[in-house]
Q: 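Mind looking over this structure? Questions follow.
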There are 2 protein chains.
Amino acid sequence: MAHVGQIMQTRDEKRPCTESGLRTMTELQQRLVPELIDVLTRRYTILRTISLLMPVGRRVLAKEMGTTERKLRSEVEFLREQGLIATSSVGMVLTSEGQQLVEELHGYMHEVHDLSTAELMLARCLDLEGVIAVPGDSDSSELVQKDMGRAAAHYLKSILAEGMVLAVSGGTTLAAVASTLVPANFNGQLTVVPARGGMGEDLSKQAGSIAAKIAAKLNANYRLLHLPDSLGEKAAAVVAEEPEIREVLEVARSASILLLGIGAAQAMARRRHLRPDQLALLEHVGAVGETFGYYFNRQGEIVYVTPSTGLKLEHIKRVGHVIAVAGGSSKAEAMLAVLSYDFPATTLVTDEGALLEMLKLIERRGGPLATRRDD
Amino acid sequence: MAHVGQIMQTRDEKRPCTESGLRTMTELQQRLVPELIDVLTRRYTILRTISLLMPVGRRVLAKEMGTTERKLRSEVEFLREQGLIATSSVGMVLTSEGQQLVEELHGYMHEVHDLSTAELMLARCLDLEGVIAVPGDSDSSELVQKDMGRAAAHYLKSILAEGMVLAVSGGTTLAAVASTLVPANFNGQLTVVPARGGMGEDLSKQAGSIAAKIAAKLNANYRLLHLPDSLGEKAAAVVAEEPEIREVLEVARSASILLLGIGAAQAMARRRHLRPDQLALLEHVGAVGETFGYYFNRQGEIVYVTPSTGLKLEHIKRVGHVIAVAGGSSKAEAMLAVLSYDFPATTLVTDEGALLEMLKLIERRGGPLATRRDD
DNA sequence: ATTATTTGTCCCACGTGTGCCAATAAAAAC
DNA sequence: GTTTTTATTGGCACACGTGGGACAAATAAT
């Protein structure tokens, strides 16, 4: 999951604002040459592991690092050419130069590594398949949300395949995903559907519009639910019997990938123009997080459901992969609530602000696996 | 020549000691992922060029940057995926994000560019084929000399081919080249000869030992001149008639590559135990630089020749390629003197200290092409 | 002496990068 | 207003380099 994961900066100790101020060189590099930063961390990790285990052979080193021996070989050859390690028949050892380099690099590597360790930690805590975080905080800068959107779009594209059905929810975050998505050609062998009917005021942030936009960029089919999101229960039941609607719902229920945004419960309820008594109810049951009409409390339990047309939670259970996209430290609590629910294989795309805030919340509650840093 | 060229650090403005102190992140990166800087500068240059010419198409951009259109396309595709540039039918433009990134990057890029521009400048001033500089100063740290040795060894290997004859001189610097050379297999299709007979006290720094060491590492043949370097003129003439010696000299004179170290005249003369009157003579004629027995004054003129067996200057003229290796700011004057002489295609491998010092000396003398920085 | 390490080599296949060419749209000329 | 020209982007086939797997040689430990 470090493929897209980006780095944060801690070099200046007290960490000046990441967004509006100047980004650090490492951040810029991460943006301009991400693949080489991966190479850098890989080689550093190799050196570091050797320094701990030396003398050590390629075999055990590969096993230790979770890579193949052949892959390691190329790197080892390079490192030897650089005079950083020496090989003998008992294994590989660091040369004095290598040792010195590892020590010097140690401090700098936190710039690169901190976010990815945090990603791993959160993935373990919430039992997520993967966490991808971009540096910055969406709360303070719009650029970060865009960046997050691009990271999500990139990841989405990497797991999409022909014949799949993609269901999307709404929100500004997912709108960013759609707009940063790089066009590709799926030859119509892909269907995009909204997970819900229309919602609220802004058309461009509705699930339907987002589905259409994504479909256009990927040259995919799309089906829309031309319905208001919040119908009365009776009305919803009636409408759901309409053949056209039924068909779209059928397709949506067979979705293999679900792309969803997460919102703070209060803000979401307000945006949906819920009645005061409903707001009070949400408050009463402790709803903090919301996603496509479902409200969750801090324990990840569903405490309220907006009567609506669209995917139901029981269908989500059958979805192969869930991609949750949300960021901003202010949303951390909501995200934590929603993600505590037991979704299928979930990948979270977020930002540094939300990531660190979530970890902070987990630690404060004495959450499971709240291990401390390992250096 | 930027392939091996490495970077110096100027970020902390007043530039603390590069060697003994902590190296900068960029230096370490350069060591661990050498191509990183190249890719980074390439992409940065693309962005910068677009920002100046936009909207611009790939064709003119490729011509402007001196690369092929297809090569550019890969980069352009990447930059578009990163959301830094946008393509339309009128050409490519920077997005607002791209524009911001270019501006932020601008300051940092000097870290990367300064050494390579300095390399280019020196190459122009001295009419060298190439200059490769490693960061640091050999005067202050032994590590730098090793690094320089590795850079030279790497470059040497890149131009070696089967059937060639390699002539080497002596000195600590070339000893470092030999010891950092990464073994390769030339199947005996390569011959290494010393450019001169033995010299001075330390066996490991003699041309013969170095030739033998290099030959061993490359699985090449080697021939030695089992002679003291400084014979009397008469004795030299006599010995040169010996069949065995003649044969080796024949081989040496057909050398296609010459690897030579450069020394400061005074230190060299002292190490060779010249007589006081000889020392006085050197002083009198203004000898400052020395290489394999030839002493040069500041103008690059030969002012003294050690009577000796080995290659003569007239043979050097026929050598295809000269690789000069020397570093340390204290040697700058000597290097400048020797390199001012009109050798055949010469590549200089040096370090930051010597490089900058040489440029300073050139500027002080109002040397040709002493242009100032272009920003 | 044997076993379990290690490094280094070889061949094959897959993927990425490269060079060439087609399609298209804006602009300029008529 | 129509046509021609000149720019642009995008697609496609091929080759080269890198990764995968198995194997051989060599050395320390049992």
Side-chain angles (χ1 to χ4, degrees), chain A residues 3 33-36 38-39 42-43 46 49-50 53-95 98 154 157-158 161-162 181-189 216-219, chain B residues 3 33-36 38-39 42-43 46 49-50 53-95 158 182-187 216-219:
Chain A
H3 304 68
V33 275
E35 75 275 13
L36 296 183
D38 286 341
V39 175
R42 195 190 318 146
R43 291 184 180 161
I46 292 174
T49 315
I50 293 179
L53 274 60
M54 69 182 173
V56 63
R58 286 193 308 244
R59 215 166 197 165
V60 303
L61 189 61
K63 186 174 270 179
E64 175 68 30
M65 296 189 53
T67 173
T68 79
E69 185 189 335
R70 188 59 180 82
K71 240 174 193 166
L72 204 74
R73 168 96 55 78
S74 322
E75 302 293 356
V76 162
E77 262 166 29
F78 171 83
L79 292 172
R80 194 186 42 195
E81 289 223 348
Q82 288 289 314
L84 299 173
I85 63 178
T87 61
S88 73
S89 58
V90 296
M92 303 171 287
V93 292
L94 257 63
T95 63
H154 191 81
K157 256 180 70 178
S158 75
E162 293 198 348
L181 188 64
V182 172
N185 190 0
F186 277 83
N187 290 312
Q189 300 299 312
K217 288 213 175 177
L218 298 180
N219 189 16
Chain B
H3 303 71
V33 195
E35 72 266 30
L36 185 144
D38 288 336
V39 179
R42 194 190 319 148
R43 291 186 180 159
I46 292 175
T49 314
I50 293 180
L53 273 61
M54 68 184 176
V56 64
R58 287 192 307 239
R59 215 167 198 165
V60 303
L61 190 61
K63 187 174 272 183
E64 175 68 30
M65 296 189 52
T67 175
T68 81
E69 183 190 338
R70 192 55 183 83
K71 245 173 192 163
L72 203 72
R73 179 136 113 230
S74 322
E75 302 293 355
V76 161
E77 261 166 27
F78 170 84
L79 293 172
R80 194 185 44 195
E81 289 224 346
Q82 289 290 316
L84 299 175
I85 64 178
T87 62
S88 74
S89 58
V90 295
M92 302 172 287
V93 293
L94 256 63
T95 64
S158 76
V182 174
N185 191 359
F186 276 83
N187 290 312
K217 287 212 175 177
L218 297 181
N219 191 16

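By convention in this document, chain letters (A, B, ...) are assigned in the order of the sequence lines, proteins followed by strands, and residues within each chain are numbered from 1.
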Q: Let me confirm one number: the CE-OG1 distance from A:M92 to A:T49, rounded to the nearest 0.5 Å.
A: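 Spacing of CE (A:M92) from OG1 (A:T49) equals 9.5 Å.
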Q: Would you name the heavy atoms of A:L218 and A:V182 that are closest together and state the gap between them?
A: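 Closest pair (atom of A:L218, atom of A:V182, distance): CD2-O, 4.3 Å.
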Q: When the distance from CD of B:E75 to P of C:dG17 is rounded to whole Å, what number comes out?
A: 9 Å
Q: Calculate the interatomic distance between A:E35 atom CD and C:dT16 atom P; express it in whole Å.
A: 13 Å
Q: Return the angle between end axes of the helix from C:dA1-D:dT30 to C:dC30-D:dG1, with five pairs used per end and rounding to 10°.
A: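 Angle reported: 20°, given to the nearest ten degrees.
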Q: If you measure from NE2 on A:H154 to CD on B:Q82, what distance do you get to the nearest 0.5 Å?
A: 8.0 Å
Q: Rounding to an integer number of Å, can you tell me how far B:F78 CZ sits from C:dT16 P?
A: 15 Å
Q: Do B:V39 and A:L36 touch side chain to side chain, with heavy atoms closer than 4.5 Å?
A: yes
Q: Expressed in angstrom and rounded to an integer, what is the separation of B:L72 atom CG from D:dA7 atom P?
A: 17 Å
Q: Take atom NZ of B:K71 and atom P of D:dC16, then tell me their distance rounded to the nearest Å.
A: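 So the NZ-P distance, B:K71 to D:dC16, works out to 15 Å.
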Q: Please write out each protein N/O paired with an N/O of nucleotides 6-8 of chain C under 3.5 Å, distance rounded to 0.1 Å.
A:
from, atom 1, to, atom 2, distance (Å)
C:dT7, OP2, A:R58, N, 2.9
C:dG8, OP1, A:R80, NH1, 3.2
C:dG8, OP2, A:R80, NH1, 2.8
C:dG8, N7, A:R58, NH2, 2.8

Q: So, does A:T95 use its side chain to make a donor-acceptor pair with the main chain of A:A86 at under 3.5 Å?
A: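 Not a single qualifying donor-acceptor pair exists.
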Q: Can you check whether A:S74 has a side-chain N or O nearer than 4.0 Å to OP1 or OP2 of D:dT18?
A: no
Q: Within a strict 4.5 Å, meaning less than it, do heavy atoms of the A:E35 and B:F78 side chains meet?
A: yes
Q: Find out whether B:L79 and B:I46 are in side-chain contact, i.e. whether some heavy atom of one side chain is under 4.5 Å from a heavy atom of the other.
A: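 Sidechains of B:I46 and B:L79: in contact.
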Q: Quick check: closest heavy atoms across A:K157 and A:P183, and the distance to 0.1 Å?
A: NZ-O, 4.0 Å
